[in-house]
Q: 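Provided herewith is a single structure, encoded as structure tokens, for subsequent inquiry.
Note on naming: letters A, B, ... go to the chains in the order of the sequence lines (proteins, then strands), and numbering restarts at 1 for each one.
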Amino acid sequence: MLDIKLIREQPEFVRERLAARGVGDDRKLDEVLALDRKLREALKEGDSLKEQRNKSSKEIGALIGQKKNAEADAKKAEVRTIGDRIGLLDKEIAATEAARDELLLALPNLPNVKVAIGKTAEDNPVVRVHGVPAKFDFKPKNHIELCESLKLIDFARGAKLSGSGFLLYTNWGARLERALINFLLDLHTREHGYTEVSPPFIVNGEVMTGVGQFPKFKDQAFWVRRGLDDDTMGKQFLIPTAEAPVANIHREEILAEKQLPIYYCAYSPCFRAEAGAAGVGTRGMIRVHQFDKVELVKIVKPEHGFAELDKMVANAERVLQVLGLHYRVIQLCTGDMGFASGMTYDIEVWAPGQGTFLEVSSCTNCEEFQSRRMNLRFKSDTGGNVFPHLLNGSGTALARLFVALVETHQRADGSVAIPEPLQPWLKADSIPAT
RNA sequence: GGAGGGGUGGCAGAGUGGUCUAAUGCGGCGGUCUUGAAAACCGCUGUGGGCGCAAGCUCACCGGGGGUUCGAAUCCCUCCCCCUCCGCCA
């Protein structure tokens with residue numbers, strides 16, 4: 001959520017930053033400002049009436065104490081009319097504030113001024129490239145062919161169980177997935193200083209709103225209903241990412257400055273309905289309704305936000321380096337950034353079978369956008385309560401990492417070599433050809 | 001699912017319609033005393049909003065929401081959460 005004071009005091013700056021994002025329609029900003037003015041006028045009148053009422057009520061108490069009941073009754077009648085006016089104003093205040101906040105919650109974060117200006121993914125600058133594409137002296141297979149020949153994933157039966165977009169990992173496929181999860185968690189906890197947490201996979205609406213998933217992306221979540229009780233619909237949701245529960249761990253808390261920085265990492269499955277996207281170029285495991293991910297979350301002081309973002313990107317890159325994969329890091333331009341983002345770097349891994357880069361990590365500094373939504377603060381040593389920067393990044397998404405891994409390390413005989421650093425987790429040096 | 005008990009400041013814990021401006025204790029911060037520390041004593045102690053250059057004034061907040069009343073932590077309704085026991089269950 002944007003700071004209403006910033007919008008009030010520097011509306012032109014906010015307008016310009018939103019335009020950089022491609023939010024062409026800024027009438028909402030004008031609406032916010034109008035509602036805000038209306039709200040403050042009503043608050044001013046209401047507060048002063050309440051002050052009168054408070055004083056008069058005390059006087060009534062004193063009069064009753066002195067047994068001057070007639071005077072007290074007269075005063076009561078007088079205050080009752082003030083009370084009626086307050087009742088009306090309170091309703092107006094609540095409605096105006098709700099309308100203002102609804103609009104505020106629908107406004108995306110402002111791109112940081114350091115972010116490259118652009119309109120689409122075409123405009124995303126490449127920050128750096130690591131390694132080179134794998135070369136093969138045989139005709140390489142794509143991951144679908146590999147998964148079928150090595151029986152890593154049973155696409156047909158996955159669909160039979162749950163519909164398209166759901167995967168049944170089998171045998172070596174299931175073992176590789178588990179090995180990757182454990183490898184990633186161990187890497188980030190042992191070598192990068194993250195504390196492992198294992199969150200609920202179902203969260204409430206406040207949590208979704210806190211990270212900016214709601215209200216905008218309500219149509220992309222899986223909604224949970226308890227049994228046949230329709231009243232429970234819309235109260236709980238399958239998480240689209242561990243970011244949702246983990247970033248909210250300290251919501252509505254005031255942390256001590258010495259607690260920061262906080263680094264969390266968590267494995268979770270991620271559930272995405274992605275309404276409208278199904279069936280379009282979705283064969284295989286590039287875009288699915290459920291995938292595994294190891295997520296990184298940081299809560300840091302604002303002055304450290306961007307240095308911490310760089311470190312987080314480096315932590316995610318390390319995964320690909322250790323696994324011997326070719327990748328590039330790009331910065332999302334102002335027009336391509338996510339809703340809550342102040343600045344985002346994507347890491348894209350090379351998938352030889354696809355002949356493209358696949359996004360396996362998106363590292364974002366949401367600055368105070370999310371902490372403001374979830375009312376997460378820390379008490380600074382200088383006294384005031386401050387919204388910390390909230391960062392999240394994939395470290396990394398599993399399904400696509402799986403794709404890049406098997407496509408990159410496939411061998412002429414149809415087997416897949418396992419990079420040496422991963423071998424202790426899989427307890428094997430290759431996936432044998434069948 | 002059934003029965004009962006609870007939710008009050010950082011924590012513990014009083015308060016059941018009117019100096020509640022929420023007692024008291026602990027913790028924390030500052031001070032006095034001391035060579036230093038402890039003890040003792042004194043003072044301070046939360047969050048958010050509005051107005052104001054500021055000093056400050058003011059409003060709201062006792063789990064959430066609604067109601068009764070001139071006035072609600074206190075009474076009423078409703079929802080949420082926690083605890084104990086029973087049932088079911090991995």
Side-chain angles (χ1 to χ4, degrees), chain A residues 1-9 32-102 104-105 198 200-210 224-237 245 248-259 368 371-388:
Chain A
M1 181 155 60
L2 299 178
D3 184 1
I4 183 63
K5 283 183 183 161
L6 179 71
I7 295 176
R8 208 183 275 158
E9 287 158 19
V32 168
L33 285 165
L35 287 167
D36 184 55
R37 270 192 297 273
K38 187 178 169 195
L39 175 64
R40 280 184 295 158
E41 273 167 32
L43 274 174
K44 215 192 295 185
E45 188 186 350
D47 281 0
S48 111
L49 288 174
K50 282 176 186 173
E51 183 181 355
Q52 284 182 45
R53 183 176 67 180
N54 288 344
K55 283 179 177 154
S56 296
S57 290
K58 278 201 177 126
E59 287 166 20
I60 291 168
L63 288 171
I64 292 172
Q66 295 160 32
K67 307 261 191 247
K68 298 178 177 171
N69 287 343
E71 282 180 52
D73 286 344
K75 197 116 195 147
K76 275 188 197 179
E78 182 190 314
V79 178
R80 191 176 295 125
T81 64
I82 297 178
D84 291 344
R85 174 71 185 145
I86 289 173
L88 290 174
L89 274 171
D90 275 349
K91 282 197 172 64
E92 182 186 327
I93 287 165
T96 308
E97 188 169 29
R100 184 194 71 176
D101 290 348
E102 191 184 330
L104 273 179
L105 283 171
S198 180
F201 299 156
I202 293 176
V203 295
N204 60 35
E206 286 72 39
V207 163
M208 294 289 265
T209 301
V224 172
R225 183 180 70 178
R226 291 207 186 179
L228 301 177
D229 185 356
D230 283 328
D231 291 344
T232 63
M233 260 306 252
K235 294 190 173 164
Q236 294 180 313
F237 310 86
N248 275 283
I249 287 174
H250 298 289
R251 65 174 294 127
E252 285 155 42
E253 292 182 24
I254 300 175
L255 302 168
E257 179 162 351
K258 64 173 186 241
Q259 286 177 266
E368 10 175 307
S371 40
R372 196 181 293 282
R373 282 175 165 248
M374 56 180 78
N375 203 20
L376 163 64
R377 291 159 294 170
F378 71 94
K379 189 174 284 295
S380 79
D381 292 339
T382 51
N385 290 332
V386 180
F387 292 108

Q: Where do N or O atoms of nucleotides 50-52 of chain B meet protein N or O atoms at under 3.5 Å, pair by pair?
A:
| unit_1 | atom_1 | unit_2 | atom_2 | d |
| --- | --- | --- | --- | --- |
| B/rG50 | OP1 | A/Arg8 | NH1 | 3.1 |
| B/rG50 | OP1 | A/Arg8 | NH2 | 3.0 |
| B/rC51 | OP1 | A/Arg40 | NH1 | 3.2 |

Q: So which nucleotide from B/rG67, B/rG71, B/rU47 ends up closest to the side chain of A/Lys91?
A: B/rG67
Q: Taking OP1 and OP2 of B/rC70, is either one under 4.0 Å from a side-chain nitrogen or oxygen of A/Arg80?
A: yes
Q: About how many Å separate CZ of A/Arg373 and CD of A/Glu368, when rounded to the nearest 0.5 Å?
A: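 Answer for the CD-CZ pair, A/Glu368 versus A/Arg373, is 13.5 Å.
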Q: Distance check: side-chain N/O of A/Asn385 vs OP1/OP2 of B/rU47, anything under 4.0 Å?
A: yes
Q: If we call it a pair only when both distances are under 3.5 Å in a Watson-Crick or G-U wobble match, what pairs with B/rG9?
A: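 Per the H-bond distance test, none.
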Q: Taking for each residue the nucleotide of RNA chain B bearing the nearest heavy atom, is the 5' side occupied by A/Lys235 or by A/Ser48?
A: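 Between the two, 5'-proximity favours A/Ser48.
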Q: To the nearest 0.5 Å, how far apart are CZ in A/Arg251 and OG1 in A/Thr209?
A: 8.0 Å
Q: Looking at A/Arg53, I'd like to know whether one of its side-chain N or O atoms comes within less than 4.0 Å of OP1 or OP2 on B/rC59.
A: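 Checking A/Arg53 against B/rC59: no side-chain N or O falls below 4.0 Å of OP1 or OP2.
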Q: Taking atom CD1 of A/Ile86 and atom OG1 of A/Thr81, what is their separation to the nearest 0.5 Å?
A: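 If we round to the nearest 0.5 Å, A/Ile86:CD1 and A/Thr81:OG1 are 9.5 Å apart.
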Q: Nearest 0.5 Å please: distance from the CD atom of A/Glu45 over to the CZ atom of A/Arg85.
A: 4.0 Å
Q: Taking atom C1' in both B/rG5 and B/rA60, what distance in whole Å separates the two?
A: 31 Å
Q: Look through every strand shown and name the nucleotide pairing with B/rC41 as Watson-Crick or G-U wobble, where both distances are under 3.5 Å.
A: B/rG31
Q: So which nucleotide does B/rC51 pair with, by the Watson-Crick or G-U wobble rule with both distances under 3.5 Å?
A: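 Result: B/rG56.
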Q: When the distance from CG of A/Leu63 to P of B/rG71 is rounded to whole Å, what number comes out?
A: 15 Å
Q: With heavy atoms under 4.0 Å as the rule, sort A/Lys75 into base, sugar-phosphate or nothing.
A: nothing
Q: Could I get a table of every N or O pair under 3.5 Å where one atom is in the protein and the other is in nucleotides 17-23 of chain B?
A:
| unit_1 | atom_1 | unit_2 | atom_2 | d |
| --- | --- | --- | --- | --- |
| B/rG18 | N2 | A/Ser57 | O | 2.7 |

Q: Output the rounded distance in Å from CG (A/Asp84) to C1' (B/rG71).
A: 14 Å
Q: Provide, to the nearest angstrom, the distance between the CG atom belonging to A/Leu376 and the P atom belonging to B/rU47.
A: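 One finds 15 Å between P of B/rU47 and CG of A/Leu376, rounded.
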Q: Can you tell me the base-pairing partner of B/rU68? Count Watson-Crick or G-U wobble geometry only, both distances below 3.5 Å, and say none if there is no partner.
A: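 The answer is none; no pair meets the criterion.
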Q: With a non-hydrogen cut-off below 4.0 angstrom, is A/Asn54 in contact with a base, only sugar-phosphate, or nothing?
A: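 Counting heavy atoms under 4.0 Å across all strands, the contact made by A/Asn54 is with sugar-phosphate only.
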Q: Quick one: pull up NZ in A/Lys75 and CD in A/Glu59 and give me the separation to the nearest 0.5 Å.
A: 4.0 Å
Q: Looking at B/rG17, which nucleotide sits across from it as a Watson-Crick or G-U wobble partner, both distances under 3.5 angstrom, or is there none?
A: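 Here B/rG17 is not engaged in any pair, so there is no nucleotide opposite it.
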Q: Please determine whether a side-chain nitrogen of the Lys or Arg among A/Asp84 and A/Arg80 lies less than 4.0 Å from a carboxylate oxygen of the Asp or Glu.
A: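 A/Arg80 and A/Asp84: not salt-bridged.
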Q: Strictly by Watson-Crick or wobble contacts shorter than 3.5 Å, is anything paired with B/rA3, and which nucleotide is it?
A: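 B/rU84 - that is the nucleotide pairing with B/rA3, both distances being under 3.5 Å.
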Q: Say we look at B/rG63 and B/rA22: how far apart would their P atoms be, to the nearest angstrom?
A: 15 Å
